[in-house]
Number of protein chains: 2
Amino acid sequence: MSPSKARTDALMAGEELSSAAQRERRKRIVDATIALASKGGFDAVQMRAVADRADVALGTLYRYFPSKVHLLVSSLAVELERAQEKMDRTTVPGDSPYERVLFVLGRITRGLQRNPHLTEAMTRAFTFADASAGAEIDKVSWLMESMFTRAMSDEDPTDEQKAIARVIGDVWLSNLVAWVTRRATATDVANRLELTVRLLLK
Amino acid sequence: MSPSKARTDALMAGEELSSAAQRERRKRIVDATIALASKGGFDAVQMRAVADRADVALGTLYRYFPSKVHLLVSSLAVELERAQEKMDRTTVPGDSPYERVLFVLGRITRGLQRNPHLTEAMTRAFTFADASAGAEIDKVSWLMESMFTRAMSDEDPTDEQKAIARVIGDVWLSNLVAWVTRRATATDVANRLELTVRLLLK
DNA sequence: GCCGGAATTAGAACACGTTCTATAAACTCC
DNA sequence: GGAGTTTATAGAACGTGTTCTAATTCCGGC
């Protein structure tokens, strides 16, 4: 509500940062987060360590991201955007929604599994997030949903398609978490996703 | 591995507690946890507060439950068992798996929504749990799965039915979390569950 | 160039999960 | 019923997320 609070919101949203210096600080913070998470997962993303590595004061880190969860979920959004861009430069093979969704799903899943610690850090933050991180969560949810609806068809998605995309996203995340916590193997995950998509799209 | 560790595992599993005094202590701890969670959610379940309310020393609490997450997930298992028992005493109406699953789902969901803080505490603990709580997580997953397979048919479930139950469980949990974090209304949740079950079972 | 408010910094301080220590009480087995 | 072991207790101590404070630097308007 106060002016400074409004400014903070802008910083969090990652847009309209007043100066180039601020955009750079923000980038350094996210980069530091991803680096630390890649090395040691959720526990290794310690706020003092992030601040050190990004060369900002602890207070500044908190001005940009009001909590560790915000920080990690924002980083997840950044990673998903990268994955989306990469996907946009690929032609998705398959002539049914079933095949195309499965292709996208498999590719992103394998991509995340290539960096287990980072995936652990981001998925745990995502599922642990409380109401205060609603905006960041919504952004990630939207990215996931649109990732799958795009694979289904080139047109604007119908409500049913959106719903299916959401269900796929739920199952996907849950299986990713199961994999991250070693309760499911990569094969389990692939099988369950295949089955889910088949049930929903065939 | 050590003898005392083996004993601790027994305490965690909640079975074969050597003495009545220990069974009572364990019950007091779970009761205290549920009471505190009901009042103020995840954040209100503070280990010192639980120990105080259960009239045990902090060290004793940690001997019974090695972390806050173990404690809350175990409490979730207790709650689900209660719900299951209640369900067993009911005749589930509906003559298709679709109808019966939807009935069970609606009932449990409304039950949990009647106690939002408790639900928030338990679902957040469940989704935040790491590998060390694998056993507790598996127990809860199994309870959820069997809840839904039972609603589908009286027979032993097929692999496909188990898979469907798991998908429903994933979507259910995800929507519960969305509701808990105020990103979805009770109506949203009901609609999405209806749609999911319809897609999977109709 | 200079002023005033905003942003940044270094670091102390605080909260809560978790671990550790020393002592006391409760069991077990002879 | 006593020695030895396990379990419970009170409370200090520690780590890390978060908040607070005081001093400094940066930046936009004059």
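Reminder, nothing fancy here: chain letters follow the sequence lines and each chain counts from 1.
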Query raised in the report: Which letter, B, S or -, goes with each nucleotide of nucleotides 12-18 of chain C from 5' to 3', with contact meaning a protein heavy atom under 4.0 Å?
Result: -B--BBB
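- Nearest heavy-atom pair across B:Leu112 and B:Trp172 is CD1-CZ2, 3.6 Å.
- Considering only residues two or more places apart in sequence or on other chains, A:Asp43 meets the side chain to side chain donor-acceptor pair (under 3.5 Å) condition with none of them.
- With values rounded to the nearest 0.5 angstrom, B:Leu195 atom CG is found 4.5 Å from B:Leu199 atom CG.
- Bending across the helix from C:dG1-D:dC30 to C:dC30-D:dG1, expressed as the angle between its end axes from five pairs apiece, amounts to 20° (10° rounding).
- The salt bridge (Lys or Arg N to Asp or Glu O under 4.0 Å) test applied to B:Arg82 returns B:Glu79, not counting sequence neighbours.
- Residue A:Asp52 is classed as having no contact, given no heavy-atom separation below 4.0 Å to the nucleic acid.
- Residues meeting the side-chain contact (heavy atoms from CB on, under 4.5 Å) test with A:Thr123, sequence neighbours left out: A:Thr119, A:Leu173, A:Leu176, A:Val177, A:Val180.
- To the nearest angstrom, P of D:dG17 lies 11 Å from CG of A:Leu36.
- In this structure, the side-chain contact (heavy atoms from CB on, under 4.5 Å) partners of B:Glu85, at least two apart in sequence or on a different chain, are B:Arg89.
- Here B:Gln22 does not reach the OP1 or OP2 of C:dA26: none of its side-chain N or O atoms lies under 4.0 Å away.
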Look for any protein N or O under 3.5 Å of an N or O in nucleotides 21-27 of chain D and output each such pair with its distance, or none.
none

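- In terms of the salt bridge (Lys or Arg N to Asp or Glu O under 4.0 Å) criterion, A:Arg100 has no residue partners (sequence neighbours excluded).
- For the OP1/OP2 pair of D:dT7 and a distance below 4.0 Å, the side-chain nitrogens and oxygens of B:Tyr64 include no atom meeting the criterion.
- Legend: residues meeting side chain to side chain donor-acceptor pair (under 3.5 Å) with A:Asp156, ordered by chain and number and at least two apart, are absent.
- Every side-chain contact (heavy atoms from CB on, under 4.5 Å) that A:Asn115 has, sequence neighbours left out, goes to A:Ser38, A:Leu118.
- If you check D:dA10, D:dT7, C:dT8 against the side chain of A:Arg63, the one that comes closest is C:dT8.
- Per the geometry, CZ belonging to A:Arg28 stands 11 Å off C1' belonging to C:dT8, to the nearest Å.
- Rounded to whole angstrom, the span from the CD1 atom of B:Ile29 across to the P atom of D:dA8 amounts to 9 Å.
- In this structure, CZ of B:Arg23 is placed 13 Å from P of D:dA8, rounded to the nearest angstrom.
- Applying the ring pair (Phe, Tyr, Trp, His ring centres under 6.0 Å) rule to A:Phe128 yields the partners B:Phe42, B:Phe128; only residues at least two apart in sequence or on another chain are considered.
- Not counting sequence neighbours, the partners of A:Thr60 by the side-chain contact (heavy atoms from CB on, under 4.5 Å) test are A:Arg25, A:Val56, A:Ala57, A:Tyr64.
- Rounded to whole angstrom, the span from the CG atom of A:Leu71 across to the C1' atom of D:dT16 amounts to 15 Å.
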